[in-house]
Chemist: 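Got a structure for you, questions after.
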Amino acid sequence: MLQVSHIRENSEEIIKLLAIRNLDAKPMIDDVLNFDEERRQLQTKLDTTKAEMNSISKEIGNLFKSGQAEKANELKSKTSELKETIKTVEQELNEKAEALNNILYKIPNVPNPIVPNGNSDEDNLETLRDGEMPNLHDGALPHWELAKKYDIIDFELGNKIAGAGFPVYKGKGARLQRALIAYFLDKNTEVGYTEYQLPHLVNEASGFGTGQLPDKEGQMYHVTEDNLYLIPTAEVPGTNIFRDIILNESDLPIGITGYTPCFRREAGSYGAHVRGLNRLHQFDKVEIIRVEHPSKSYQALDNMVSHVQDILKELKLPYRILRLCGGDLTFASALTYDFEVFSAAQERWLEVSSVSNFETYQSNRLKLRFKNSDGKNELAHTLNGSSLALPRILASILENYQTGSGIKIPEVLIPYTGFDIID
RNA sequence: GGAGAAAUGGCAGAGUGGUCGAAUGCACCAGUCUUGAAAACUGGCGAGGGUCACACCUCCGGGGGUUCGAAUCCCUCUUUCUCCGCCA
């Protein structure tokens, strides 16, 4: 969420930038400013009343000590009115603060000025296209048919065991999946990310910390018995490592990586049950997360982009990078680059990674701060990205690397798979 | 799952109704000394709100209560530790 103090000082600019998201933020910002003003007035009133109460209490204590019980009891009778005032003002204050928060939760992050205008994914700005388009042989198949032909992914079996969107990987398919995970983790740790194994379920506080709650509650699987949520991405447990802590400036930058399965209900989403691996309820992903000094976060974002780029180059997959437009930008992000890989047999681009800078939007809610050179506590910037998401990478490898005699394995993966062809 | 104990600042650890936002030690920061470092000495050192800045208010695991007054008493929840049971 945005900081109230920041809104107070930059309301005009914020409204202007939020317009990039096609959002008329003026009414909400005005509400914030009004509620904040009222909140502070109530706070002052409460504080002075409490101060009065405190000084009377102190006096009573002194009177008792000096044996003037009668006087003390006289004073006591004065306090009941103050108590009443404190109670009612406190309640008003809580209501006001809650109203303020409820609006703040609804205001998305302020986009970076370079975010292009636009309504949908069609307006995203392609910033780079690279890699060779494969020349497929006649009779090339989409990955779901390849999966069947070589018996490496069983969608029906997953359907039987759990439901649609829970594929079962078998034999070389399972091994390729494991190879990709290991390869991605190695690539990430090579450039300095620390590997973590994280919980796959998180509590309510963590869901709030990264903003899945209260808004997107319906998108997560909820274990009601224990009030835990299955993670939709490693971002949730990974970023919550840093909830409620104050770092030293010298601790920055921090980079972590982790593999986790991701669980998504995809409730109400368009094409929830599209074919093959394109959209699943459970999938694997290796994530990178960074905590950065505010002055360096955009440099870090560039770094992450070129890192993901390196991996796609090594895998020799044709890809493009998109700078997401205002209409396609996720709620908490200030700037996002999406990576899409061209899947030759489907003849379409598939999103395989999304790399974002959240600036202080997450850290404000997380209370993730560092002590800056002035000795003041300052919110750090958080960033994250997939490096990378498995299913669509797998799909594009299967499709792009298919030949008449089997599916070749990208060279960099052979040490991980132990075989060089699926046939 | 059963029985017991505990939760205080970055860490350790005092504090059982008022003078406690909290002793002390360690860690950390600044300075003196030193060629430099260490040691020693001096000073500083939790967070949030509020203010131009002060004042002032809040926070001793979370929530509620008793009281003029709560870190301290009561209720409740959570977590941790020990023992027993079960178990990959």
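The chains referred to below are lettered A, B, ... by the order of the sequence lines, with proteins before strands, and numbering in each begins at 1. Keep in mind that the numbers below use all heavy atoms, side chains included, and drop hydrogens, waters and symmetry copies.
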Chemist: Nearest whole angstrom, please: distance from the P of B/G18 to the CD of A/Gln68.
Modeler: 20 Å
Chemist: Scan A/Asn54 against the nucleic acid and name what it touches under 4.0 Å (heavy atoms): base, sugar-phosphate only, or nothing.
Modeler: sugar-phosphate
Chemist: Mind calculating the distance between NZ (A/Lys371) and C1' (B/G9) to the nearest angstrom?
Modeler: 12 Å
Chemist: Here's a test for you: under side chain to side chain donor-acceptor pair (under 3.5 Å), which of A/Thr336, A/Asp338, A/Asp328 qualifies with A/Asn124?
Modeler: A/Asp328
Chemist: If we take the P atom in both B/U24 and B/G46, what is their distance in whole Å?
Modeler: 13 Å
Chemist: Would you please say whether a donor-acceptor pair under 3.5 Å links the side chains of A/Tyr416 and A/Arg175?
Modeler: no
Chemist: If you look at every heavy atom in A/Leu277 and A/Pro391, which pair is closest and at what distance?
Modeler: CD1-O, 3.5 Å
Chemist: Nearest whole angstrom, please: distance from the P of B/C29 to the CG of A/Asn372.
Modeler: 16 Å
Chemist: Using atom P of each nucleotide, how far apart are B/A3 and B/U76 to the nearest Å?
Modeler: 14 Å
Chemist: Restricting to side-chain hydrogen bond (donor to acceptor under 3.5 Å, both in side chains), what partner residues turn up for A/Glu90, sequence neighbours left out?
Modeler: A/Lys50
Chemist: Tell me the closest heavy-atom pair linking A/Lys76 and A/Thr79, and the distance in Å.
Modeler: O-OG1, 2.6 Å
Chemist: Would A/Lys172 count as a cation-pi partner of A/Phe419, with NZ or CZ less than 6.0 Å from the six-membered ring centre and within 45° of the ring normal?
Modeler: yes
Chemist: Give the B/S/- string for nucleotides 64-80 of chain B, one per nucleotide from 5' to 3', where a protein heavy atom under 4.0 Å of the base yields B, of only the sugar-phosphate yields S, and otherwise -.
Modeler: ----BS-----------
Chemist: Within this structure, what is the CG-to-P distance between A/Leu63 and B/U19, rounded to whole angstrom?
Modeler: 15 Å
Chemist: Measure the distance from CG on A/Leu42 to C1' on B/C57 and round it to the nearest whole Å.
Modeler: 14 Å
Chemist: For A/Asp24, which residues count as a salt bridge (Lys or Arg N to Asp or Glu O under 4.0 Å) partner, sequence neighbours excluded?
Modeler: none
Chemist: Is A/Lys367 touching bases, backbone alone, or none of the nucleic acid, heavy atoms closer than 4.0 Å?
Modeler: nothing
Chemist: Rounded off to whole Å, could you give me the CD1-to-C1' distance for the A/Ile86 and B/C56 pair?
Modeler: 13 Å
Chemist: Is the shortest side-chain N to carboxylate O distance from A/Asp151 to A/Lys170 below 4.0 Å?
Modeler: yes
Chemist: Rounded to whole angstroms, how far apart are CG on A/Leu46 and P on B/C57?
Modeler: 11 Å
Chemist: Quick one: salt bridge (Lys or Arg N to Asp or Glu O under 4.0 Å) partners of A/Glu340, sequence neighbours excluded?
Modeler: A/Arg320
Chemist: Compute whether any side-chain donor of one residue and acceptor of the other, for A/Gln177 and A/Asp284, lie under 3.5 angstrom apart.
Modeler: yes
Chemist: Quantified in whole Å, what is the P atom distance between nucleotide B/C20 and nucleotide B/A70?
Modeler: 15 Å
Chemist: Distance check, C1' atoms only: B/A14 and B/G62, in whole angstrom units.
Modeler: 24 Å
Chemist: Map A/Asn62 and A/Thr48 onto RNA chain B by nearest heavy atom, then report which one ends up closer to the 5' terminus.
Modeler: A/Asn62
Chemist: Identify the two heavy atoms, one from A/Cys325 and one from A/Ser120, that lie closest to each other, and give their separation to 0.1 Å.
Modeler: SG-O, 3.3 Å
Chemist: Return one dot-bracket line describing RNA chain B 5' to 3' (Watson-Crick or G-U wobble pairs, both distances under 3.5 Å; ( ) same strand, [ ] crossing, | another strand, . none).
Modeler: ((((((((.[[[..)..(.....]]].(((((.......))))).((((......)))).[[[[[..)....]]]]])))))))....
Chemist: Can you check the distance between B/A53 and B/C60, where both ends of the measurement are the P atom (answer in whole Å)?
Modeler: 27 Å
Chemist: Name the pairs: protein N/O against N/O of nucleotides 48-54 of chain B, kept only if under 3.5 Å.
Modeler:
{"unit_1": "B/G48", "atom_1": "OP1", "unit_2": "A/Arg369", "atom_2": "NH1", "d": "2.7"}
{"unit_1": "B/G49", "atom_1": "O3'", "unit_2": "A/Arg39", "atom_2": "NH2", "d": "3.1"}
{"unit_1": "B/G49", "atom_1": "N2", "unit_2": "A/Asp47", "atom_2": "OD2", "d": "3.0"}
{"unit_1": "B/G50", "atom_1": "OP1", "unit_2": "A/Arg39", "atom_2": "NH2", "d": "3.3"}
{"unit_1": "B/U51", "atom_1": "OP1", "unit_2": "A/Arg40", "atom_2": "NH1", "d": "3.3"}

Chemist: Are A/Phe370 and A/His293 close enough that their ring centres sit under 6.0 Å apart?
Modeler: yes
Chemist: In whole Å, measure the gap between the P atoms of B/G25 and B/U32 for me.
Modeler: 24 Å
Chemist: With rounding to the closest Å, how many angstrom separate the P atoms on B/C59 and B/U66?
Modeler: 16 Å
Chemist: For residues A/Leu2 and A/Leu104, report the shortest heavy-atom separation together with the two atoms involved.
Modeler: O-CD2, 4.0 Å
Chemist: What distance, rounded to whole Å, do you find between the two C1' atoms, one in B/U80 and one in B/C74?
Modeler: 23 Å
Chemist: In whole angstrom, what separates A/Asp244's CG from B/G9's P?
Modeler: 13 Å
